[in-house]
Amino acid sequence: MTTHAPQAAQAVTLPASLDEAVAALAAMPAAVPVAGGTDLMAAVNSGQLRPAALVGLGRISEIRGWQYQDGHALLGAGLTHARMGRPDFAALIPALAAAARAAGPPHIRNAGTLGGNIASAAPTGDALPVLAALEATLIIAGTNGARREIPVSHLLAGMELLRAGELIGYVRVPLLHAPQVFLKATGRTGPGRAVASVALVLDPARRGVRCAVGAIAPMPLRPLDAEQWVAQLIDWDNNRTIVPEALTAFGEYVAAACIPDPAPAEDGTVEQLPPAVLHLRRTVAALARRALGRALS
């Protein structure tokens, strides 16, 4: 219960298509789009947001499924975590399915959507490191049927922003047909917000490894040097074998890249990281090591 009731929205629009939703947002600049509402309602209930109008996206069937497109999967932004967690989707993009199954309790997974996870850009969003590792692309819907594409990493990093009247319509993900892993550590048993998460995918065609670390920074971090280093140690022609010591070194490399030591002071002394930060770095190292080990097994 709260001591005050949130201000009611002055208008609610329920468009039946993506273009209708964009037109509604363009006509009502103060309107807020809502799909699952898991993040929106939390902000409303806490008093952080008082939307003047809502544009509901729940009736737009075109963004609630997926299709194949030139070696990619075109995912609708309205896909729920529960739908992505099913076996047929897991066969398509295993890491994203694993992230969807770890997104929270059933009522959150049933309501929360892929597009909402991206648009809210919460650091603990489980889908975000997976999309970063897969190097996914967003298809943004604008007014008058306009469409533009941007890398998901650009939006998450604030390099490109959604313009007025725009919506995330689809997410294009390359189908690598290779092992992918998503792991996360939480502060409690069972589904919960990630303290740290790691998504790792193999790209045998390019003999590459892609890794993204989530929850420890405002956006997923890509340890590019660690990716390139470990890819050179994998025997791609012999069942993708690697020596055990390289797994451990990779975990440490990723952790140090994402949580580096403090810069030396003017007198040359180096301040030690606090115990909590050291623990987090060990957690990231363990997740990265295990993720690569599972992908190569």
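These figures come from a predicted structure and were not determined experimentally. FYI, the numbering just counts along the sequence from 1.
Side-chain atoms of R210 come within 3.5 Å of backbone atoms of L134 as a donor-acceptor pair (strictly under, hydrogens ignored). With hydrogens and angles disregarded, a donor-acceptor distance shorter than 3.5 Å links the side chain of E62 to the backbone of L18.
With sequence neighbours excluded, the residues satisfying side chain to side chain contact (heavy atoms under 4.5 Å, CB included) with A286 are R289, R290. Partners of D267 by side-chain hydrogen bond (donor to acceptor under 3.5 Å, both in side chains), not counting sequence neighbours, listed by chain and number: T269. Partners of S17 according to the side-chain hydrogen bond (donor to acceptor under 3.5 Å, both in side chains) rule, which considers only residues two or more places apart in sequence or in another chain, do not exist here. Residues satisfying the salt bridge (charged side-chain N to carboxylate O under 4.0 Å, His left out) test with D261, not counting sequence neighbours, are R281. Residues passing the side-chain hydrogen bond (donor to acceptor under 3.5 Å, both in side chains) test with D126, sequence neighbours excluded: K184.
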Only distances under 3.5 Å count here; give the side-chain donor-acceptor pairs of residues 64-73 to other protein atoms, sequence neighbours excluded, each with its distance to 0.1 Å.
| from | atom 1 | to | atom 2 | distance (Å) |
| --- | --- | --- | --- | --- |
| Q69 | OE1 | R172 | NE | 3.1 |
| Q69 | OE1 | R172 | NH2 | 3.2 |
| H72 | ND1 | D70 | O | 2.9 |

Side chains of residues 84-97: which donor-acceptor pairs under 3.5 Å do they make with residues two or more places apart or in other chains?
| from | atom 1 | to | atom 2 | distance (Å) |
| --- | --- | --- | --- | --- |
| D88 | OD1 | R83 | NH1 | 3.1 |
| D88 | OD2 | R83 | NH2 | 2.8 |

Tabulate below the donor-acceptor pairs under 3.5 Å that side-chain atoms of residues 215-222 make, not counting sequence neighbours, or state none.
| from | atom 1 | to | atom 2 | distance (Å) |
| --- | --- | --- | --- | --- |
| R222 | NE | C211 | O | 3.2 |
| R222 | NE | E227 | OE2 | 2.7 |
| R222 | NH1 | A132 | O | 3.3 |
| R222 | NH1 | E135 | OE2 | 3.3 |
| R222 | NH2 | E135 | OE2 | 3.4 |
| R222 | NH2 | E227 | OE1 | 3.0 |
| R222 | NH2 | E227 | OE2 | 3.4 |

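Taking CG of L292 as the start and OG1 of T248 as the end, the distance is 10.5 Å to the nearest 0.5 Å. Rounding to the nearest 0.5 Å places CD1 of I168 at 11.5 Å from CD1 of I139. With rounding to the nearest 0.5 angstrom, the CG atom of L202 is 5.5 Å from the CG atom of L296. Summarising the geometry, atom CG belonging to L233 is positioned 5.5 Å from atom CD1 belonging to I242; distances are rounded to the nearest 0.5 Å. In this structure, CD in E166 is found 6.5 Å from CD1 in I140, a value given to the nearest 0.5 Å. To the nearest 0.5 Å, atoms CZ (F250) and CD1 (I234) are separated by 8.5 Å.
Under a hydrophobic-cluster definition in which Ile, Leu, Val, Met, Phe, Trp and Tyr are linked whenever side-chain heavy atoms come within less than 4.5 Å, directly or via other members, L167 and I150 are assigned to different clusters. Hydrophobic clustering of Ile, Leu, Val, Met, Phe, Trp and Tyr side chains at less than 4.5 Å, counting indirect connections, keeps V12 apart from V55. Residues L25 and L54 fall into different hydrophobic clusters, defined by Ile, Leu, Val, Met, Phe, Trp and Tyr side chains chained together at heavy-atom separations under 4.5 Å. Hydrophobic clustering, with ILVMFWY side chains joined whenever heavy atoms are under 4.5 angstrom apart, keeps V198 apart from L156. Residues Y170 and V152 do not share a hydrophobic cluster, clusters being chains of Ile/Leu/Val/Met/Phe/Trp/Tyr side chains in contact below 4.5 Å.
Between V22 and G165 the shortest heavy-atom distance is CG1-O, 3.0 Å. The shortest non-hydrogen separation linking T80 to A111 is CG2-O, 4.3 Å. Between A141 and R147 the shortest heavy-atom distance is CB-NH1, 3.6 Å. Scanning all heavy atoms of the two residues, the minimum distance from P129 to A212 falls at O-CB, 3.2 Å. Listed here is the closest heavy atom pair of G78 and T113: O-CG2, 3.7 Å. Residue I60 comes nearest to A21 through the heavy atom pair CD1-CB, 3.8 Å, listed as atom of the first residue, atom of the second, then distance.
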- prompt: Run the side chain to side chain contact (heavy atoms under 4.5 Å, CB included) check on Q272 and V277 step by step: do they pass?
  reply: CA-CA 10 Å; Q272 294 296 316; V277 178; over 6 Å; no
Review point. Which is it for D203 and V209 under the side chain to side chain contact (heavy atoms under 4.5 Å, CB included) test, yes or no, and what are the steps along the way?
Key: CA-CA 6 Å; D203 189 350; V209 175; over 6 Å; no
inquiry  = Quick one, V195 with T283, criterion side chain to side chain contact (heavy atoms under 4.5 Å, CB included). Give me CA distance, side-chain angles, the key distance, then yes/no.
reply    = CA-CA 9 Å; V195 174; T283 299; 5.6 Å; no
- Decide yes or no on side chain to side chain contact (heavy atoms under 4.5 Å, CB included) for V284 and V254, but give the supporting numbers first. CA-CA 8 Å; V284 171; V254 169; 4.2 Å; yes
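Within the structure, no pair that satisfies the ring pair (Phe, Tyr, Trp, His ring centres under 6.0 Å) test touches residues 26-51, not counting sequence neighbours. Residue pairs meeting the side chain to side chain donor-acceptor pair (under 3.5 Å) criterion with at least one member in residues 150-159, sequence neighbours excluded, are H154-E160. Residue pairs satisfying the ring pair (Phe, Tyr, Trp, His ring centres under 6.0 Å) criterion with at least one member in residues 274-297, sequence neighbours excluded, are absent. Every pair passing ring pair (Phe, Tyr, Trp, His ring centres under 6.0 Å) that includes a residue from residues 216-247 is listed here, sequence neighbours excluded: W229-Y253.
Summarising the local packing, CZ of R206 is surrounded by 12 or fewer heavy atoms from other residues, nucleotides or ligands at distances under 6.0 Å. Within 6.0 Å of CD in E149 there are more than 12 heavy atoms belonging to other residues, nucleotides or ligands.
Two residues are said to be in side-chain contact when any heavy atoms from C-beta on lie closer than 4.5 Å; I118 and L128 meet this criterion. Between R148 and R163, the closest side-chain pair of non-hydrogen atoms falls below 4.5 Å.
Here the rule is side chain to side chain contact (heavy atoms under 4.5 Å, CB included) with L131, and of L75, L114, L138 only L114 fits it.
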